[in-house]
Amino acid sequence: CIGLCYGVAYTVTQLAGYLGVGPWIEHPYTNELWDALLYASVPEDLEFSFGGINHLCWILNFKYRGKDLYPEIRSLPSVPTVYESDGVRCEMLKAFGWWCTENHWHMTDYVPYFRKNSETIDRFLPRRWNLMDLVNERALLTEQKTCEILEGKLPLPLRRNMLNAPRIMNAVTSGEPVRISGNLPNRGLIDNLPADCTVEVPITVDDNGLHPQAVGVLPAQCAALCRTNINVQELLVNGALSGDREAVKHACMLDPVTSAVCTLDQISAMTEELFEAQLHWLPDFK
């Protein structure tokens, strides 16, 4: 099994645009911008490495035509257009020294610093959109377009996009190797994260399967931020496998965002409300 996400490719492509070595890629708050992102590509001559957990992965080096661009990355918070578009990650870079994956609204799911109250939310997330509405809009448009393709009204599009599954299929069937980002059990891939957690690392794929690349040691502060979320994931998995409500409550109590804004009794009450609302889908917790 492998977990797939395009957050690393998305991040690297955006960074290239911020640094002027690729086109500017806006956050996908409309269907048109989502298409622009999906069919963007990482510029040639760009070398980069990364490691972490899904949605909290760290860009560890970034070179264009052999030149180290990390000094320029560390100056991005002083660029008004970049800060306006990506203030959350600029603040994370200023505080922790490294650029992280996920756009500004998703990044705030994993750390306790940006959603403490309405004032901080408005400061760091001035542009917000309803992701579910956007997903539903895309699903409807995709269904319509698929029907028109099957009816011969539209040609079948054959374009590369930044999603990893087609790249894996091509590499496995053709033997042509490809480097992707993927999520696998750690087992020594990142030395300072737990061995049994799932990590996101570079993976080469060919007709012999998946070949993950060991990252080594993450910067200590980056590993620590990852571990705060790994703790939650471990408790949630234990709760899901055992049907233990208390383990799930403990996970919610340790979640960085929840613990930043709620008291323990509020979190306990909220978790009970969520269980009651979702018991139809959670029979093991009845």
Side-chain angles (χ1 to χ4, degrees), residues 4-52 54-94 96-107 125-127 129 131 134 138 157-168 170-171 176-183 200-205 213 215 222:
L4 298 180
C5 179
Y6 60 90
V8 171
Y10 174 4
T11 296
V12 168
T13 304
Q14 275 196 317
L15 269 177
Y18 294 163
L19 294 167
V21 297
W24 183 280
I25 304 297
E26 188 56 80
H27 295 305
Y29 56 88
T30 68
N31 185 60
E32 293 74 20
L33 289 174
W34 200 330
D35 275 337
L37 166 66
L38 190 62
Y39 288 101
S41 58
V42 176
E44 294 185 7
D45 301 324
L46 199 61
E47 303 172 52
F48 58 94
S49 66
F50 55 91
N54 189 218
H55 299 166
L56 194 56
C57 200
W58 304 90
I59 305 302
L60 301 174
N61 68 63
F62 198 90
K63 295 180 180 180
Y64 183 69
R65 295 178 178 173
K67 180 184 177 183
D68 180 11
L69 293 187
Y70 232 109
E72 284 87 343
I73 290 175
R74 292 197 168 100
S75 70
L76 286 177
S78 64
V79 180
T81 53
V82 175
Y83 192 92
E84 182 180 358
S85 178
D86 229 328
V88 166
R89 286 194 288 191
C90 285
E91 290 296 326
M92 291 294 292
L93 175 74
K94 287 161 56 179
F96 295 99
W98 301 88
W99 195 266
C100 54
T101 57
E102 303 316 315
N103 55 47
H104 66 292
W105 53 270
H106 203 359
M107 173 64 229
L125 300 170
R127 173 183 284 152
W129 58 96
L131 184 59
L134 185 56
R138 285 191 63 80
L158 293 173
R159 296 171 59 194
R160 285 187 182 272
N161 61 34
M162 66 167 54
L163 301 181
N164 285 318
R167 298 170 187 265
I168 292 175
N170 183 69
E176 179 184 347
V178 66
R179 182 176 181 261
I180 65 166
S181 61
N183 296 271
E200 187 163 32
V201 295
I203 300 172
T204 300
V205 189
Q213 174 187 328
V215 172
C222 299

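Everything numeric in this text was worked out from a predicted model, so none of it was measured. For this chain, numbers begin at 1 and follow the sequence in order.
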Exercise for review: Run the numbers on Y70 and W98 for ring pair (Phe, Tyr, Trp, His ring centres under 6.0 Å), then give the verdict.
Suggested key: CA-CA 9 Å; Y70 232 109; W98 301 88; 5.2 Å; yes

Review point. Should D68 and N61 be marked as a side chain to side chain contact (heavy atoms under 4.5 Å, CB included) after you check the CA-CA gap, both sets of side-chain angles, and the distance that decides it?
Key: CA-CA 8 Å; D68 180 11; N61 68 63; 5.7 Å; no

**Study point:** Intermediate values then yes/no, side chain to side chain contact (heavy atoms under 4.5 Å, CB included), N31 and D35
**Key:** CA-CA 6 Å; N31 185 60; D35 275 337; 4.2 Å; yes

Exercise for review: Go through the steps to decide whether L76 and L19 satisfy the test side chain to side chain contact (heavy atoms under 4.5 Å, CB included), and finish with yes or no.
Suggested key: CA-CA 8 Å; L76 286 177; L19 294 167; 4.0 Å; yes

Practice item. Show your working on side chain to side chain contact (heavy atoms under 4.5 Å, CB included) between V12 and W99 and close with a plain yes or no. Key: CA-CA 10 Å; V12 168; W99 195 266; over 6 Å; no

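Among all heavy-atom pairs drawn from L4 and S181, the shortest one is CD2-O, 4.4 Å. Closest heavy-atom contact between F50 and V215: O-CG2, 3.5 Å. Residues Q14 and I25 approach most closely at NE2-O, 2.9 Å, considering heavy atoms. What you find for L46 and A16 is that their closest heavy atoms are CD2-CB, 4.3 Å. Heavy atoms only, all atoms of each residue included: V8 and C57 are closest at CG2-SG, 4.2 Å. Smallest separation of non-hydrogen atoms from P28 and L33: CA-CB, 3.8 Å.
Without hydrogens or angle criteria, T11 side chain to G7 main chain gives a donor-acceptor distance under 3.5 Å. Put simply, the side chain of N164 gets close to the backbone of C5: a donor and an acceptor are under 3.5 Å apart. Counting only distance, with no hydrogens or angles, the side chain of R89 and the backbone of H104 share no donor-acceptor pair below 3.5 Å. Under the 3.5 Å distance criterion, the side-chain polar atoms of R167 are matched with a main-chain donor or acceptor of N161.
Side-chain contact annotation: Y18 with D86, donor-acceptor N/O pair under 3.5 Å present.
Going from atom CE of M107 over to atom NE2 of H55 covers 11.5 Å, rounded to the nearest 0.5 Å. Note that CD1 of I203 and CD of Q213 are 10.0 Å apart. Values are rounded to the nearest 0.5 Å. Remark: R179 CZ to E47 CD distance equals 9.0 Å, nearest 0.5 Å. Interatomic distance, CZ of R127 versus OH of Y29, reported as 3.5 Å (0.5 Å rounding).
By the 4.5 Å heavy-atom criterion applied to side chains, T101 and H106 are not counted as neighbours. Counting heavy atoms from C-beta on, the side chains of I180 and I168 come closer than 4.5 Å. Using a 4.5 Å heavy-atom cutoff, the side chains of D45 and R65 are in contact. At a threshold of 4.5 Å between non-hydrogen side-chain atoms, the residues W58 and L56 count as touching. When side chains are defined from C-beta on, W34 counts as touching L134, because their heavy atoms get closer than 4.5 Å. Put simply, the side chain of L15 does not reach to within 4.5 Å of the side chain of L69, judged on heavy atoms.
Ring geometry, F48 versus F62: the interplanar angle falls from 30° to 60°, so the pair is classed tilted.
Just one residue in the list W105, W129, Y10 forms a side-chain hydrogen bond (donor to acceptor under 3.5 Å, both in side chains) with H27, and that residue is Y10.
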